[in-house]
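Inspection log for the structure reproduced underneath, given as structure tokens.
All chains are named by letter (A, B, ...) in the order of the sequence lines, taking the proteins before the strands, and each is independently numbered beginning at 1.
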Amino acid sequence: MSGDRAPGVVVGLLTAVSASLGWLATPLQGTITAYSFPLVGVPALADGLGRPVRLLSFGAVAALLGVLTVVVAWRRRPRAVGWLGAAGVLVTVLFAVQVGLVRVDLLEALVEQNTQRANVKAFDAAHIGGNAVWLAVPKLGTDTVFDRMSSGLRMLGFGWQLALLAGLLGLVSGAAGRPGRRRRDLLLFAVAVVLVPLMAGSRAAVAEVQVIRGQEAAARGEFDRARRSYEAAVWWNPALDHNPAFQDRRGGVYERLRAWDQPEIYLRRGQELAEARDFPAAIAAYEQALRIRPDHPVARRRRVDAYAALGLAALARGEVHKAIGSWERARSLDPGQIQIAFFLGKAYLDVRRTGRAREAAGAALARTRDALLRADLYILLGDCYYREREFREAREMYRRSLAQYSSVVLVNAMALRRLQGI
Amino acid sequence: MTGAPRRRLVPSAIVVTAYGVLLGVVAWNTYFGHVAGPQVLRWTGSWIAPAGGPASQAYFRKQIHLPDGPRRAWIQISAPDEYVLYVNGWQVDRRRGWLRNVSDVYDISAHLEPGPNVVAVAVSRHTHPGTSRLLVESEYEGALGHRMRMVSDPSWKVSLLPARQPSPGPLWYERGFDDAGWPRAEAVGAPRPEDRTRLRYPPWVVTGPLDDYWVWSRAGQARTAYFRGALPTPGGTSGVWLRVATTGGYVVLVNGVAVAERPWASEQVPETSVPALTAYDITPFVRRGSSLIAIRSDVRGAGRRLYVDALVMDRSGSARTVAMSGSWKASTSPRPGWASVGHDDSDWPAAVRLERGLAPSGPLERRLVPTMPPLPYRLTGWLTWSGFVLLVVAGALGSWLLAARGGRRIRGGDLDQALARAAGPYGLGAAALLLALLLGTDARLDRAFPYQSSVVAAALAVLLLGQLVSWLPVKTAAAPAPPLPRPTWRPAGLPRAGAALLVGLFMVGGLLLRLHEIDYRPLNSDESAAMFTTLGILEKGYPHHRISELIAERRSHSSELVGYPKALTIWLFGPEEFGARLPAAIFGTLAIPLVYLAGRALFDRRVGLLASLIIAVLPAAISFSQYARYPAQLSVFALWMVHLFHAAIRAERVDARRLYLAVGAFVLTYLSWEPAVLLLPGLFVGLLAVKRRDLGWIREKHLWIAVAVAALVIFFQQSARIIDQAGQMPLRTGYRDVALSLLWLSPHYDPLALAKSLLFMNHVQVISALMLVGLIASVRQPPWAYLNAVLFVPILLITNLLEAHRERHVYYLMPLVILSGTRAVFFLLDALLPLVRGPGPVTRLTRWVAVGLVLLSANDHVLKLYNMPGYLSPFTISAVGGDGWIRSAAAFVRGGRGPEEPVVARQPILVYHHLGRADYLLRSVEIPAAVADVAPIPVDIRTGVRAIFNRFELEQLLNGKRSAWIVTPASFEGVDREMVSFLEERARLVFEDERMRVLEWRR
């Protein structure tokens, strides 16, 4: 490989690696692979969780750019490398705009997955002591647009960072490789960097301005103005409906205006009751919100979370059957929940209903790619088979648990001990 | 002006712009911004410590009798490195730091009760020299107004052991514990300014009494009340803090900006009955003269009231409390815009004053919350900041032009030359500002240090002086100035012998630093294992050890060569710390001239000199030269290999002799630590970087022979390992056997792992940053590109394929980082500074200051830059670690143990080395285990002693003995919880220091 090809090839490989890195391993390895976040278009939302269209996803575009860059670099087209680098930067900028401003609904679904992982981690530490205690659970906030952007980029892991780096390198090497027309190219690029996000997120940006205006008005006690601003914000970007912090702010304003027909009042109330650990009252508040607006996404999600928490509280008191009842109710409301399947698997095993435990663990396995969670779920399955005196299957499950990850830093001590015992 | 000279002026403009940016940032933070300075704590007590010499840890207790329940109680603590504060058995806080007195102040009113109370503090010192000591200041105010102060004095009891009494009984920090047998602490002097007991916030936040009135609106039943009041804030304030207490929610607006909010409770949700007191730093929002504080408060419960007071501090450090109640006006239905400064509140009645001071309802919940102004305010702030910095940059550029014109009048020449000449002083000024910013990260100074008028004045004075010097007429100025030459700065005046002398001096200094306290710390677990392997060389001639009969002889397969130099020094000086670590110190010292030679060969002599000086004083280099394992030796062989390989390939034809020497160096490198094999792909990419379009190397037979030799060595070494380990049954692997795996699929994958543990290791950050800046420029310079390829390819591979990311695993790449970074330093200096014509004093001074800054950032002998963002670990700081722990624990056990009493150890190899005996392994999941050869029982993979897995096995073992000793690290992390509780209940703690515990079991 000659010297003038090398920078372009490195840029292309970096971009391609960024795509595969994000695709294969992101901090969240649940149903949604964060890297497959759509660049444009509306994703199909199946069973309450997002299953974005992968063809136009950030990862797919990054992979394509990577391959193209390698090809043009090989054919000694430094200027094309520069343009592809610019495209890489633009794709990342576009993505940041999508994550932070526009696709609030998908982002919230991802944050919800993260919350479920945090719950599973806490459950594992308290009741199992298995592998999920090692889960890395980033702190993700979605209160402000900056929180959302930061959360989205964190969930993508390092893929977007590599893509951005590769894009910038491509720009530099392209500019260095072809000194002519540099000023014009730079101007075009600057225009694109401004225009692309502007076109992609103009409505959402207006919505954010309205949110800020609403907040300022509420802080000053001008609740009528705040209400108007918040309602305008939802008109500009309906996906804000999925943002809990925004809904709580709306609830606060509606309550001050005594607008009791607004579901957000009950959302806020339910949240405060849940924080005070009065889960039945919180569920009642969410039910009230859902009576007013049956498809309210935040109310639906919070109701499931409250049932999950109610079950955990019952389990902490030793009331396993009550816990199972709460979790069954939660599962009926949202069959896609990983945490509920995980909790149910353990609880059914405790009450020796191994068939149901296996069914729950299997459902959770089908919904997560997270190695640590899967390791625990295989141990759970192994324990079920062990109870059923199916030792061969049990051994196989423990072995699968061990095979989930190989690391000298983390030790699947539980599976090791089970295998030694069996 | 022609195009070419203009292009050459670009670096000059960059230097001037850099000066402008730095000056803008410093000036903004000095005059307009707010960087909170430290708050010096005041003490009336003295330091107290255990009597009888230095102790790495001490446990302090103080019993106090309180006549009534507390309304207010606070305690202020300071101790070196780490403390844990308990009040009546509650752990209030744990604070940790390195090489400083950690300090804080706490509200402990919620933990105190009428009657006897116990305040207990555990202090652990992790650095040396010095002893564990404690400083306390506390005040209590009872419900009936009774006040009491408590300070650290000899009335405190102290122990070196956290005893339990009687066993099982209350712990040492609990109320029921009888400390009658504990000796009294010794007063060891009053706190001095150099003790630096400081906080980031004023202690008033916690300690300040609530002396003002609670207020509410005249409509007492109103749930929402709006308040407006003036806070006098005269010029020159260095900080303004606001405390707000209520049971409900509120929004605080300062001069119309909503800076803080506490949410109010919804209908039907119970409100807390205990008021929460929250403190806010409102300094950035106040105005000179007077500031408007507006508060909207929502309280639903019965106790509708609000408390607000403020602390205003001036630049001299004095502070005054401002009672706000007198200035409040309150309304329940204000007009829009009520919170703005210009709002007419003449129709607002004064707020109603309610009770004064603390309510008898009990203690407050106190919190410190950062202010969160709205986004537009923050955006405006950023824009103003950017505008100011741009203005200063414009000013710098303008002054540059003026200075150039002035210089041109005095010295003549054209404008380009004058501009180039005038840029030099800006470089010097920028260096001065960078030095000030660097000092801001020194642990002994505070982060607000660079932001003072004197720094701004100094930066301007340096610039002015520099300009004056650059205007001085030059005697030989008669001849017209030649066109701008390609800038260089070579130490032409320095003869080869001079450089050799300097490197010799660096070596002597480096050796002294490496030998200083080389045997202070006892050998740790890994070093002990390496010691046994080395003793195996002396016994049979190859590295191995066998301690237990339960498993076969264990041969070394990852660092085969490391033991041989050690065998010699151990044979000479004995199997102690000095003998074990001396080879590392020697290799660490040899790295100094080797870095010089490599730097000189790859770049030039000045790169070699600076890099060798950096490696001589770098704390990590010194630490690894006092570590009785592979890093120091490996780094020398690896650098030698990289240097030789470049020397072999840099010419058109491959130099066979140097190539085979490089192969020899590779063999030494590989046999010093196997995973260093990942340097090979780096060398290959380096070869491509040097040869580029020239593919003639493919036909070089010597190259292929070299590859074959290296492959054969790897093949035979791996075969030996496989054959040797065929009969062993390890239950899990350690780092030494680590195989390549797709780490990015691992849940703990961190692509920036090596950026932390290698590139941004403390004291390497500046060099690494410069190296990264130079990356793009290195592409066009084959030697530099080669060095970066050899460095970054292994980094990429280790990050993604090899789970060995700790600093010791990658230290062998450090000389390459330093060389590349040093090259970047001189590249930047060459590119930016020579625009000043000729080697004038200003330019020379600027270069020396820049080089000096890099040097200062790379060691902690002059500055202690521990507050600079980066990876901090005991390996990166001098004077971390104690001389006691296992040495003292082993001595203790040796003194009390009977001949037949077994020793149970968590780290058997460590205990075996220092105590001469370890019979059982108390197994944690982190320790690799194996299956014994003679029976199907798990054993420690290193020593072969039997492993105890659970409480049942432990009980069985101990019940069969009359007595036993358990030697364990201070933390039981990773050990079966049931085993831990069994030991804590049944065994007696007889020894403890900051890292080790000894428990004695008696049946």
Side-chain angles (χ1 to χ4, degrees), chain A residues 1-4 6-7 20-21 24-25 27 29 129 131 134-136 144-146 157-158 161-162 169 172-173 176 208 212 215-216 218-222 225 248 251-252 255-256 265-266 268-273 275-276 278 281 285 370-372 405-411 413 416-417 420, chain B residues 224 226 249 251 253 256 258 261 263-270 294 296 298 334 336-340 374-376 688-689 692-693 695 731-735 737-739 741-752 776 779-780 785 800 803-805 924-926 928 938 949-950 974 977:
Chain A
M1 188 169 51
S2 63
D4 54 351
S20 68
L21 182 71
L24 291 170
Q29 300 188 343
N131 299 287
W134 299 106
L135 275 175
T144 66
V145 66
F146 290 124
F158 295 90
Q161 296 175 27
L162 269 186
L169 280 178
V172 170
S173 76
E208 291 304 323
I212 290 166
Q215 272 175 267
E216 286 192 323
R220 288 179 169 79
E222 298 162 14
R225 246 188 72 201
D248 284 343
E255 187 164 347
R256 301 311 298 263
I265 288 183
Y266 307 101
R268 183 173 186 270
R269 183 180 297 173
Q271 179 66 7
E272 287 175 39
L273 288 163
E275 280 169 11
D278 187 352
D370 200 311
L372 293 165
Y405 63 88
S406 58
S407 166
V408 293
V409 176
L410 309 180
V411 186
L416 267 175
R417 283 180 190 160
Q420 285 165 10
Chain B
T224 303
Y226 299 78
V251 179
L253 300 102
E261 181 179 10
W264 44 274
S266 299
E267 297 276 354
Q268 297 175 11
V269 178
R296 196 195 81 222
D298 302 273
W338 65 276
S340 57
L375 189 62
L688 296 180
R692 309 218 167 184
R693 292 185 185 183
L695 296 179
L731 291 185
R732 64 168 286 246
T733 58
Y735 282 115
D737 307 318
V738 77
S741 59
L742 306 179
L743 283 186
W744 61 86
L745 298 179
S746 156
H748 276 212
Y749 174 61
D750 181 2
L752 299 179
I776 291 176
V779 172
R780 292 180 180 274
N800 292 292
E803 199 173 19
H805 295 166
S924 78
V925 291
E926 291 158 5
F949 270 88
N950 51 42
R977 266 181 283 182

So which of A/Arg220, A/Arg268, A/Gln271, A/Glu222 has the largest heavy-atom pair count under 4.5 angstrom toward chain B?
A/Arg268
Does any heavy atom of chain A fall under 4.5 Å from the side chain of B/Pro374, the backbone, both, or neither of them?
side chain
Nearest-0.5 Å distance, CG of residue A/Asp248 to CD of residue A/Glu272
8.0 Å
Give, for atom NE2 of B/His805 and atom CG of B/Leu752, the distance between the pair rounded to the nearest 0.5 Å.
11.0 Å
Please flag which part of A/Glu216 lies under 4.5 Å from any non-hydrogen atom of chain B: side chain, backbone, both or neither.
side chain
Closest heavy-atom pair, B/Leu375 versus A/Phe146, reported as atoms and distance to 0.1 Å, is CD1-CE1, 2.8 Å
Go through the atoms of A/Ala218 and report whether side chain, backbone, both or neither lie under 4.5 Å from a heavy atom of chain B.
backbone
Identify which part of A/Ala276 has an atom lying under 4.5 Å from any heavy atom of chain B, answering side chain, backbone, both or neither.
neither
So do B/Thr224 and A/Arg256 actually touch side chain to side chain, heavy atoms under 4.5 Å?
yes
Nearest heavy-atom neighbours spanning B/Val251 and B/Ala258:
CG1-CB, 4.3 Å
